[in-house]
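Just below is one structure, and these are the notes that go with it.
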Amino acid sequence: MSYHVEALCDRHRLRDGKWRRHVEELRRDSIGSGMMTEEWRAIVAHWVKTRSELCRHLREPQVREAAGLGLITAQEAQAAGFMR
């Protein structure tokens, strides 16, 4: 199959909305795992410590997990708007 034909097929799949099933599966898998990766924990800790505007994308359980592991303090979490 040529690249052009593959691209057309991909666009057709996107239009059909079949991708939604895959996104939902990924979402369920990530929520179901419960635990964050070590890399993600470091990102969460950095965002909280610097009070990054990206904190708005974090959920309370992620911040609590980082605090429970000692990556951030409760005071840092509260300063970033969590654990009130």
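If you're wondering where the values come from, they're calculated on a predicted model, not measured in any experiment.
- The minimum heavy-atom distance linking E76 with V48 is given by the pair O-CG1, 3.6 Å.
- Here the straight-line distance linking atom CG of L69 with atom CD of E38 works out to 10.0 Å at 0.5 Å rounding.
- Between the side chain of E65 and the backbone N or O of Q62 there is no donor-acceptor pair closer than 3.5 Å.
- Atom CH2 of W47 is separated from atom CD of E53 by 10.5 Å, given to the nearest 0.5 angstrom.
- Distance CZ/R64 to CZ/F82: 10.5 Å, rounded to 0.5 Å.
- Side chain of R84 to backbone of Q78: a donor-acceptor contact under 3.5 angstrom is found.
- Here SG of C55 is found 9.5 Å from NE2 of H46. Values are rounded to the nearest 0.5 Å.
- Listed for the E60 side chain is a donor-acceptor partner under 3.5 Å among the backbone atoms of M83.
- Considering OG1 of T37 and CD1 of I43, their distance stands at 7.0 Å, rounded to 0.5 Å.
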### Query
Would V44 and I72 satisfy side chain to side chain contact (heavy atoms under 4.5 Å, CB included), going step by step from the backbone distance to the final call?
CA-CA 9 Å; V44 168; I72 57 172; 5.5 Å; no

